[in-house]
Number of protein chains: 4
Amino acid sequence: MSPATAPRGRPRSAERRVAVLRAASSLFQEVGAAQTSIDAIAARARVAKQTVYRWWPSKAAVLAECAVEGYLTLPSFHAPATGDPRADLTAWLEESYDALETPRFLELFRALNEASGSDPVIAAQLDRVFARQLRQAIRGMLDAAFDAGALRPGIDLDVVTQLLIAHVSAAVTQRADRGDIPALVAVLLHGIGAGPRSRGAPMDTEEPR
Amino acid sequence: MSPATAPRGRPRSAERRVAVLRAASSLFQEVGAAQTSIDAIAARARVAKQTVYRWWPSKAAVLAECAVEGYLTLPSFHAPATGDPRADLTAWLEESYDALETPRFLELFRALNEASGSDPVIAAQLDRVFARQLRQAIRGMLDAAFDAGALRPGIDLDVVTQLLIAHVSAAVTQRADRGDIPALVAVLLHGIGAGPRSRGAPMDTEEPR
Amino acid sequence: MSPATAPRGRPRSAERRVAVLRAASSLFQEVGAAQTSIDAIAARARVAKQTVYRWWPSKAAVLAECAVEGYLTLPSFHAPATGDPRADLTAWLEESYDALETPRFLELFRALNEASGSDPVIAAQLDRVFARQLRQAIRGMLDAAFDAGALRPGIDLDVVTQLLIAHVSAAVTQRADRGDIPALVAVLLHGIGAGPRSRGAPMDTEEPR
Amino acid sequence: MSPATAPRGRPRSAERRVAVLRAASSLFQEVGAAQTSIDAIAARARVAKQTVYRWWPSKAAVLAECAVEGYLTLPSFHAPATGDPRADLTAWLEESYDALETPRFLELFRALNEASGSDPVIAAQLDRVFARQLRQAIRGMLDAAFDAGALRPGIDLDVVTQLLIAHVSAAVTQRADRGDIPALVAVLLHGIGAGPRSRGAPMDTEEPR
DNA sequence: CGCTAAACGAGACGGTACGTCGAGTCTTGCG
DNA sequence: CGCAAGACTCGACGTACCGTCTCGTTTAGCG
């Protein structure tokens, strides 16, 4: 097969591509996303502006590619998966909040998030470098807990994942403090409803340890 | 008392102030936040550009004041408070998602959210028009449920509120779909943990009705 | 030969250049130099403001180029050269005064003159369109007179030229009236000194040194 | 008669007046005429802008009053009057050129000169601090020479004065160098014409070469 | 090897908005 | 009514990016 129209003309220079990504990355680290103009990227990369526009539709697209290609040091959201959901959740939340306190990351996230609206490619890239990673981490954590019998059967893991990501994201986009993590974990574990099973059961936040 | 330095000089014109707010509001409704330039606001308000700059540091500040002063029709996040948390939560989530689908509101929220980072005044205004309202609605809902004995005693309502707001906000800032609301409500009500009391308890999402 | 670094990039558009010059000229004729803003020039030339700033450092520079390139109808200071200095000088002075009474020209002269202080290029252009022309005219007049034997030998024509130009310029920059031209011509021709030659005596002041 | 309208209301404060003049003078000395804005004058004088506008129609008017009132140290154009016109003229020209080299004075002169066009009051003030002084100096010089019998009778002193002022002014408004002063003096003394009495009389500047 | 076609450097260009400045005027309240 | 304070209009300033364009110049593969 490969009717793939034979590539005619001068092929794209890989050199310029990395030059642009490098320039964008360093500029972003130095002055932030807002101040990183395409003019500046091109200048620093010693590349014609048109060369940037030829391959990337926008500044956000360049930054997204930087993120995907590993030109930007992003926090990684590893989650412990010991099987003890309370401990795991608590540890993971603490860690995530710490990671998110990097101001540059926050900026990047916002920029890509905004651009995601109009550019599905960026949306996919953003998902790849951020949400997917989170989902997998959380998933692993919950799976381990489930295997350990610590989770109620039948719960929708997607919903839980979504909830956790939202909670952490909110701390990013808004500048909320991290709140009371143990209480949050308690709510997640036991719910808020006065279920039939909670009869007489004490709150576990302050459970005797 | 009140040595509050007598106001000297020509007092600020209330007329121009509302003219600016009105102009900004209508422009925002018509063309969106991105296209609403300070030049355009001043022009439409028939006011000198300098008059805008004198009183507002940025476009976002003008829009924030528009929001606070009621010049923009914002969705209101009323919550039913029947005492039945499942029904209330479900209804409220549906309603909130609907409200958030107004594209202009989404844009406004993003714009103000972004500006909140560098301007604490805007942050406060944003909280006032958006989060505070949400908090009160949710609070009312949960209080009613608590009074009806439908909530487990001892839970931290703040945490729950925060969680719900985050979940809804995430749908705003990211463009996530609303997900599986009943499943979400179920998780919230019963938690994810296999508590001693949940033994054998069936998932209630599809409980026999 | 011509190692003249090959011109890189998109070449300057001659079209825009003349559009700007034309716009500046017509604006100047219509509203005067003071009211001729760069904004207005760019607007009338249907050119981006930056295009003006790219090539001309100031409004005066544009006008100077207009003058040099012949976009402005300037008075020409032709001088008769009959060989009769009294008649020639008188005629030329009268004519020059008439020419200078054009208010626009006066304005232009002042503007360029002022800008000459900080911009040597403008100074050169001003000289080219104004002073040089005057010098040549006067020179021709005096040369003819000299050839006709009507001038005392040995006089410094440069000085005389400078003196005449100054006298006329003064009428321009200040708004002096033209004074008593015949008296001026008389002074120029015969000097003010009680020369020895009026009595056949030797030179006047302290001649023998 | 003399209904000399009784002055009603608060009388003009002499204090503010000198404050304004002082402020204008110092600003002018420090940053020049172009940078001396009315705003700056008022601010430095600790006076309301309106107070400036109430009494002076323009910045130039303030500066003109500064000059007249002696707030600005201006060069004085004293002329020697020994009765020897060659020596006197030469000395005076040299001195005048030196004096005019003060850049601030040049600036002031240009500013007032320009404003003279539209404001007769300023024109009169300019004349008073500059031209009149010059005229008197030259006049004195020439009168002494006349009394000493060194001037040809019947010459129009006004014309000569005008010519000299023009020559010096030209060096101010344009940035011409001072030229060949001895040659200029020679031309002034003996004229350029080959008059009957100059027959055979050698020029004295460059004598026979 | 020469031809073709696209990638590239350089930089001009139209456009939009920016935020600032200076000019003059207007509106308060105080003395 | 003078005056301080300062809000206001108006118009221009010069700059910053945006994204497009127009040159000339590589740099590959293909015939």
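Just so it is clear: chains get the letters A, B, ... in the order the sequence lines come, proteins before strands, and each one is counted from 1.
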Can you give me the N/O atom pairs linking the protein to nucleotides 27-30 of chain E at distances under 3.5 Å, or say none if there are none?
{"unit_1": "dT27(E)", "atom_1": "O4'", "unit_2": "R10(B)", "atom_2": "NE", "d": "3.3"}

- R12(A) has an atom CZ; how far is it from atom C1' of dA5(E), in whole Å? 18 Å
- Do K49(C) and dG14(F) share a donor-acceptor pair, side chain to base, under 3.5 Å? yes
- Note on the structure: To the nearest angstrom, the OH-P distance between Y53(A) and dC13(E) comes to 18 Å
- Under 4.0 Å: is that the gap between some side-chain N or O of S13(C) and OP1 or OP2 of dT22(F)? no
- Message: Could you check whether any side-chain heavy atom of L21(C) comes within less than 4.5 Å of a side-chain heavy atom of W56(C), counting everything from C-beta outward?
- Response: yes
- Any side-chain heavy-atom pair from I122(A) and S58(A) closer than 4.5 angstrom? yes
- Message: Rounded to whole Å, please give me the gap between CG in D39(A) and P in dT20(F).
- Response: 13 Å
- Message: By nearest heavy atom, map A40(C) and R16(B) onto DNA chain F; which one lands nearer the 5' end?
- Response: R16(B)
- Item | Rounded distance in Å - CD1 (I38(D)) to P (dC10(F)) | 20 Å
- Using a heavy-atom cut-off of under 4.0 Å over every strand shown, decide if R17(A) touches base, sugar-phosphate, or nothing. nothing
- Query: Separation of I41(C) atom CD1 from dC13(F) atom P, in whole Å?
  - Reply: 8 Å
- Query: Looking only at side-chain N and O atoms, does R46(D) come under 4.0 Å of OP1 or OP2 in dA5(F)?
  - Reply: no
- Does W55(D) make a side-chain N or O approach to OP1 or OP2 of dC3(F) shorter than 4.0 Å? yes
- Message: For the residue pair R17(A) and W55(A), would you count it as a cation-pi contact if the rule is NZ or CZ under 6.0 angstrom from the ring centre and within 45 degrees of the ring axis?
- Response: no
- Query: Taking the six-membered ring where the residue is Trp, are the ring centres of F105(D) and F130(D) under 6.0 Å apart?
  - Reply: yes
- Reckon R54(D) touches a base, only the sugar-phosphate, or nothing at all at heavy-atom distances under 4.0 Å? base
- Query: Between E30(A) and R44(A), is the closest basic N to carboxylate O distance under 4.0 Å?
  - Reply: yes
- Item | Shortest non-hydrogen separation from E65(B) to Q125(B) and the atoms involved | CA-NE2, 4.1 Å
- Measure the shortest side-chain to side-chain distance between R46(A) and R16(A) over non-hydrogen atoms and say whether it is less than 4.5 angstrom. no
- Task: Using the closest heavy atom to pick a nucleotide of DNA chain E for each, name whichever of P57(B) or A48(C) lands nearer the 5' end.
- Result: A48(C)
- Distance, rounded to the nearest Å, where W56(B) contributes CH2 and dC18(E) contributes P: 15 Å
- Message: In whole Å, I'd like the distance from the CD atom of E15(C) to the C1' atom of dC21(F).
- Response: 14 Å
- Query: When you check the phosphate oxygens OP1 and OP2 of dG2(F), does a side-chain N or O of T51(D) lie under 4.0 Å from one of them?
  - Reply: no
- Atom NZ of K59(D) to atom C1' of dC21(E): distance rounded to whole Å? 12 Å
